[in-house]
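This report refers to the structure that appears directly beneath it.
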Amino acid sequence: MTAPSQTRWIAGMAAWTVAFATAHAWAGETALPAEKTNHGISYVSGGVGLDESTALKAAREDYSLDIETFQSNHGRNEYTAAVPLTITKPSGEVVFEAPTEGPFTLLRLPPGRYIVHAKHQGQTQHRQVDVGNGLGAKASFVFQPGAQAQASEARPSN
């Protein structure tokens, strides 16, 4: 390879590498769903598709509450969406109310004790969570197919 053709080849490879890296970084940035607000609480919800679920899992540390919703299917937990969530203070005051848009919902709740209520296919479950300063709390819900409406035991989460 002559010097001018080698220079063109290197320049072409460099341009391709920059374009690929830029496209990859841009795709990663847009994989996180847009943040929304409900009752003054910022949140994101989604996780349909690998890119979006990966982005939401990576963003967990930026939110104070991480909620996951599953449905049991022959012994396997499968992600589910369109689960109405209501979050209340122990006094019953509603601080958040919206359906999930995928299996992951991340919220920016202020520190405090909350009760997360989730409904799916006639079942209602509850989880008590303690959100602290800089500490992420987690609530996971697994719904059983064909089960009667039920209230699960509240459990602390950190």
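For the numbers below, each heavy atom of this structure counts, side chains included, while hydrogens, waters and symmetry mates do not. The model shown is predicted, which means the values in this text are computed figures rather than measured ones.
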- Message: Between Asn73 and Pro145, is there a side-chain heavy-atom distance shorter than 4.5 Å?
- Response: no

- Query: What distance do Lys57 atom NZ and Glu68 atom CD have between them, rounded to the nearest 0.5 Å?
  - Reply: 7.5 Å

- Message: Give me the atom names and distance for the closest heavy-atom approach of Asp130 to Ala137.
- Response: O-CB, 3.6 Å

- Note on the structure: Closest heavy-atom pair, Val44 versus Pro33, reported as atoms and distance to 0.1 Å, is CG1-O, 3.5 Å

- Gly102 and Val48: which non-hydrogen atoms are nearest, and at how many Å? CA-CG2, 4.3 Å

- Message: If you define the side chain from C-beta out and look only at heavy atoms, does anything of Asp66 sit under 4.5 Å from Lys138?
- Response: yes

- Message: Rounded to the nearest 0.5 Å, what separates atom NE2 in His117 from atom CD in Gln125?
- Response: 12.5 Å

- Message: Nearest 0.5 Å, please: how far is OG in Ser45 from CG in Leu56?
- Response: 7.5 Å

- Gly47 versus Ser53, closest heavy-atom pair with distance: O-CB, 3.5 Å

- Message: Within this structure, what is the NE2-OG1 distance for the pair His39 and Thr86, rounded to the nearest 0.5 Å?
- Response: 8.0 Å

- Quick one: are Phe141 and Gln123 in side-chain contact, heavy atoms under 4.5 Å? no

- Item | Non-hydrogen side-chain atoms of Val83 and Pro103 separated by less than 4.5 Å | no

- Message: Could you measure the distance from the CG atom of Asn77 to the OG atom of Ser140? Nearest 0.5 Å is fine.
- Response: 9.5 Å

- Would Leu65 and Val116 satisfy side-chain contact (heavy atoms from CB on, under 4.5 Å), going step by step from the backbone distance to the final call? CA-CA 10 Å; Leu65 179 59; Val116 182; 4.1 Å; yes

- Message: Any heavy-atom pair between the side chains of Leu85 and Thr105 that's under 4.5 Å?
- Response: yes

- Would you confirm whether the ring centroid of Phe143 sits within less than 6.0 angstrom of the ring centroid of Phe70? no

- Rounded to the nearest 0.5 Å, what's the gap from CZ on Arg113 to OG on Ser91? Could you check? 13.0 Å

- Message: Using modelled atom types and a 3.5 Å cut-off, is there a donor and acceptor pairing between side-chain atoms of Ser64 and backbone atoms of Gly136?
- Response: no

- Query: When you measure from the side chain of Thr80 to the backbone N and O of Thr69, does any donor-acceptor pair fall under 3.5 Å?
  - Reply: no

- Considering non-hydrogen atoms only, spot the tightest contact between Phe96 and Ile41 and give its length. CD1-CB, 4.2 Å

- Non-hydrogen atoms of Val95 and Leu109 that approach each other most closely: CG2-CD2, 4.3 Å

- residues 83-96 vs salt bridge (charged side-chain N to carboxylate O under 4.0 Å, His left out), sequence neighbours excluded, gives Lys89-Glu93

- Item | Crowding at CZ, Arg60 (>12 non-hydrogen neighbours, <6.0 Å) | yes

- Does one side chain, of Glu101 or Tyr43, offer a donor that lies under 3.5 Å from an acceptor on the other? no

- So, do Ile87 and Ile115 sit near enough that their side-chain heavy atoms are less than 4.5 Å apart? no

